[in-house]
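Worksheet: the structure to be examined is printed underneath.
Predicted model only: the values in this text are computed from it and were never measured.
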Amino acid sequence: MAKGLAAALAASTSRPGKKKKNVPMFSHEFIQENHADIVSVICMIMVFGLMLEVTRAIFTPFVSPQHIVNGTQVNGSNGTNGTADDDDLYMEENEDIVAGPGGAMKPARTRRYRLFFYNTGPLDLCTLFFYTMVWIVAHAVVKEFIWDRFVRQLHMSKAKTYTYFEACNILFYSISAFVFSVIVLLQEGYLKDISMLWKDYPHTSMTFRVKFFMIVQISYWIHNIPQLYFLKAKREDIPDRLQFYIMNLIPLVAIYALHFQRVGIVLLALHLVGEIFQNLHTLLGLWRESAAQKLTTIWTFFFILVRLASVAVGTLVFIVGLPKESAFDLSTGNYNVLTVRLGLFVGILLLQLWLVWQFTNFHLAVRRDQQERQHIRAKLDTPSERRQKQKEKKESASEGGVRARNVGGSPKAEKKSRK
């Protein structure tokens, strides 16, 4: 009966048009083949739990950002840093209403919108868990319906196929996260007044879009770790990929936990510009090397520009902008002390140096590969090989001349040649 249940579940989770062999339930192969369906079922259960009054309090921390610091919390706990009657918790928007054919304007009407601010806390782990599963499902859907169709047409080897999927994954994330970060920066006004990156620190109160942005970015890099198992990554590739994922995850967690999310969003937006051009270069290299070489100059320019801009922003915020006289206070979330400031600034420098090291090693490997190809071609083109080629050309030319004479000769000569 257990075997029949496993076969039925495997058949129900299989895609139409694809034949899958029956595998034991909860085996490695079963989980790897059906991980997106299993995770999507868990997500639907959590979302469905929000509709029921009995389970709403349980599943709300997973789906909705928690730790509201003003008004009343969703789960019933009261906030600590503000009250519902404060005027600064509302946003006013003026509207001009056109009335009559003459276009006469009535007095402006004011709308008031309630603003909610969020802090960090332990319930963020529940939200990270849910959106990590959402990323796993989204990754599987995009891979199956977009990336797999292109890889079938390119007919690449297994090594190039893995590189292709990884580049597509990072490129899709980089473009979407860059657009999201620019929207947040514009709507929050951080680009209009650069001093907002360090003014009024600690930034313990976040708007919904800032907190949601940070949750989504952190959960993306977390989801990449189990994806190594789900996508059957090779053992020799796992250490490098883990290093890459962790090097992106740690800075995001640090700036979120230490309440430096404003400068973190700016640094992330700058970093994503370089990631977009790097993965475009990788995909073009898999398709046509000549096209990738044309993009190398643009990629190099933006890579250097982004590294310099990141160091400049880090210096402006952590060395110049933040006040020097400040006391460490865990209760208020104030981490503006010399040790933390220097640690974050040194971390930014080390991260930029590590990226430059990876960038240099990549180009050196490409140059060595080109030199090896040229060396192999030079070996094949030795003097003996040249003489052999010339000899073959002469023989083919002489054979062609004999055939031409036979064709242009008399009928008697043709009969003799046939005999």
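- Here the shortest heavy-atom pairing between I348 and F318 reads CD1-CE1, 3.7 Å.
- To the nearest 0.5 Å, atoms CG (L280) and CG (L171) are separated by 5.0 Å.
- Judged as a side-chain hydrogen bond (donor to acceptor under 3.5 Å, both in side chains), the pairs with a partner in residues 226-236 (not counting sequence neighbours) are, in order, H28-Y229, E33-K232, H139-Q227.
- Taking the side chain as every heavy atom from C-beta outward, S40 and V137 approach each other to under 4.5 Å.
- Within 6.0 Å of atom NZ in K324, more than 12 heavy atoms from other residues, nucleotides or ligands are found, so the atom counts as buried in its surroundings.
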side-chain contact (heavy atoms from CB on, under 4.5 Å) for L351 and M247? Distances and angles first, verdict last.
CA-CA 8 Å; L351 181 59; M247 291 295 289; 3.9 Å; yes
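- Side-chain contact check for L272 versus Y173: some heavy-atom pair is nearer than 4.5 Å.
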F362 vs W299, ring-ring contact (aromatic ring centres under 6.0 Å, His included): CA-CA, chis, key distance, verdict
CA-CA 13 Å; F362 172 79; W299 173 31; 5.6 Å; yes
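- A salt bridge is defined here as a Lys NZ or Arg NE, NH1 or NH2 lying under 4.0 Å from an Asp or Glu carboxylate O, and R241 with E166 meets this definition.
- Note: F59 and F62 have tilted aromatic rings, judged against thresholds of 30 and 60 degrees for the angle between ring planes.
- More than 12 heavy atoms of other residues, nucleotides or ligands shown are found within 6.0 angstrom of CZ on F328.
- For the atom pair CZ (F172) and CD1 (I276), the distance works out to 12.5 Å, reported to the nearest 0.5 Å.
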Side-chain donor-acceptor pairs under 3.5 Å in residues 258-266, sequence neighbours left out?
{"unit_1": "Q261", "atom_1": "NE2", "unit_2": "H203", "atom_2": "O", "d": "2.6"}
{"unit_1": "R262", "atom_1": "NE", "unit_2": "Y190", "atom_2": "OH", "d": "3.4"}
{"unit_1": "R262", "atom_1": "NH1", "unit_2": "M196", "atom_2": "O", "d": "2.8"}

For E188 and R209: C-alpha separation, side-chain torsions, deciding distance, then whether salt bridge (charged side-chain N to carboxylate O under 4.0 Å, His left out) applies.
CA-CA 9 Å; E188 296 294 326; R209 51 178 163 261; 2.7 Å; yes
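- For the pair F230/I31, a side-chain contact is recorded, criterion being any heavy-atom separation below 4.5 Å from C-beta on.
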Working note: L283 + C168, criterion side-chain contact (heavy atoms from CB on, under 4.5 Å); need CA distance, chi angles, decisive distance, verdict.
CA-CA 8 Å; L283 291 175; C168 287; 3.9 Å; yes
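- Annotation for F345: atom CZ counts as buried by contact number, over 12 foreign heavy atoms lying within 6.0 Å.
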Candidate pair Q66 and Y118, rule side chain to side chain donor-acceptor pair (under 3.5 Å), full reasoning:
CA-CA 7 Å; Q66 297 298 295; Y118 299 81; over 6 Å; no
Going through the distances and angles, do N336 and W198 end up as a side-chain contact (heavy atoms from CB on, under 4.5 Å)?
CA-CA 10 Å; N336 182 23; W198 62 83; over 6 Å; no
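- The backbone N or O of E275 sits less than 3.5 Å from a side-chain atom of N279, completing a donor-acceptor pair.
- The line from CD of Q278 to OG of S174 is 9.0 Å long, rounded to the nearest 0.5 Å.
- Nearest heavy atoms, G333 versus Y201: O-OH, 3.8 Å.
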Test side-chain contact (heavy atoms from CB on, under 4.5 Å) on K199 and D193 and set out the steps.
CA-CA 10 Å; K199 188 169 60 176; D193 186 6; 3.4 Å; yes
Test Y220 against N169 for side chain to side chain donor-acceptor pair (under 3.5 Å), laying out the working first.
CA-CA 11 Å; Y220 169 80; N169 175 26; 3.0 Å; yes
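- Taking OG1 of T55 as the start and CG of L50 as the end, the distance is 7.5 Å to the nearest 0.5 Å.
- No side-chain heavy atom of Y162 sits under 4.5 Å from any side-chain heavy atom of L231.
- To the nearest 0.5 Å, the span separating CG on D200 from OG on S205 amounts to 10.5 Å.
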Expected list for residues 122-136: side-chain donor-acceptor pairs under 3.5 angstrom, two or more places apart:
{"unit_1": "D124", "atom_1": "OD1", "unit_2": "K211", "atom_2": "NZ", "d": "2.9"}
{"unit_1": "D124", "atom_1": "OD2", "unit_2": "G121", "atom_2": "N", "d": "3.1"}
{"unit_1": "D124", "atom_1": "OD2", "unit_2": "Y256", "atom_2": "OH", "d": "2.8"}
{"unit_1": "T127", "atom_1": "OG1", "unit_2": "P61", "atom_2": "O", "d": "2.8"}
{"unit_1": "Y131", "atom_1": "OH", "unit_2": "V63", "atom_2": "O", "d": "2.8"}
{"unit_1": "T132", "atom_1": "OG1", "unit_2": "L128", "atom_2": "O", "d": "2.6"}
{"unit_1": "W135", "atom_1": "NE1", "unit_2": "V216", "atom_2": "O", "d": "3.1"}
{"unit_1": "W135", "atom_1": "NE1", "unit_2": "S219", "atom_2": "OG", "d": "3.4"}

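- Of all the heavy atoms in I194 and L316, the pair that sits closest is CG1-CD2, 4.2 Å.
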Trace of the ring-ring contact (aromatic ring centres under 6.0 Å, His included) decision for F180 with F213:
CA-CA 8 Å; F180 194 3; F213 176 83; 5.0 Å; yes
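- The line from CG of N119 to CD1 of I68 is 11.5 Å long, rounded to the nearest 0.5 Å.
- Within the 4.5 Å cutoff, no side-chain heavy atoms of T297 are placed close to those of F301.
- Residues F359 and T300 are in side-chain contact: their nearest non-hydrogen atoms beyond the backbone lie under 4.5 Å apart.
- The shortest distance between side-chain heavy atoms of I170 and F244 falls below 4.5 Å.
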Audit row: F277, H281, ring-ring contact (aromatic ring centres under 6.0 Å, His included) steps and yes/no
CA-CA 6 Å; F277 284 102; H281 181 273; over 10 Å; no
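- Residue S310 comes nearest to L267 through the heavy atom pair O-CD2, 3.7 Å, listed as atom of the first residue, atom of the second, then distance.
- In terms of modelled atom types and a separation under 3.5 Å, the side chain of S64 and the main chain of T60 share no donor-acceptor contact.
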Can T332 and D329 be said to form a side chain to side chain donor-acceptor pair (under 3.5 Å), step by step?
CA-CA 6 Å; T332 60; D329 191 353; 3.2 Å; yes
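- Residues F116 and T207 form no side-chain contact, since every pair of their non-hydrogen atoms from C-beta on lies 4.5 Å or further apart.
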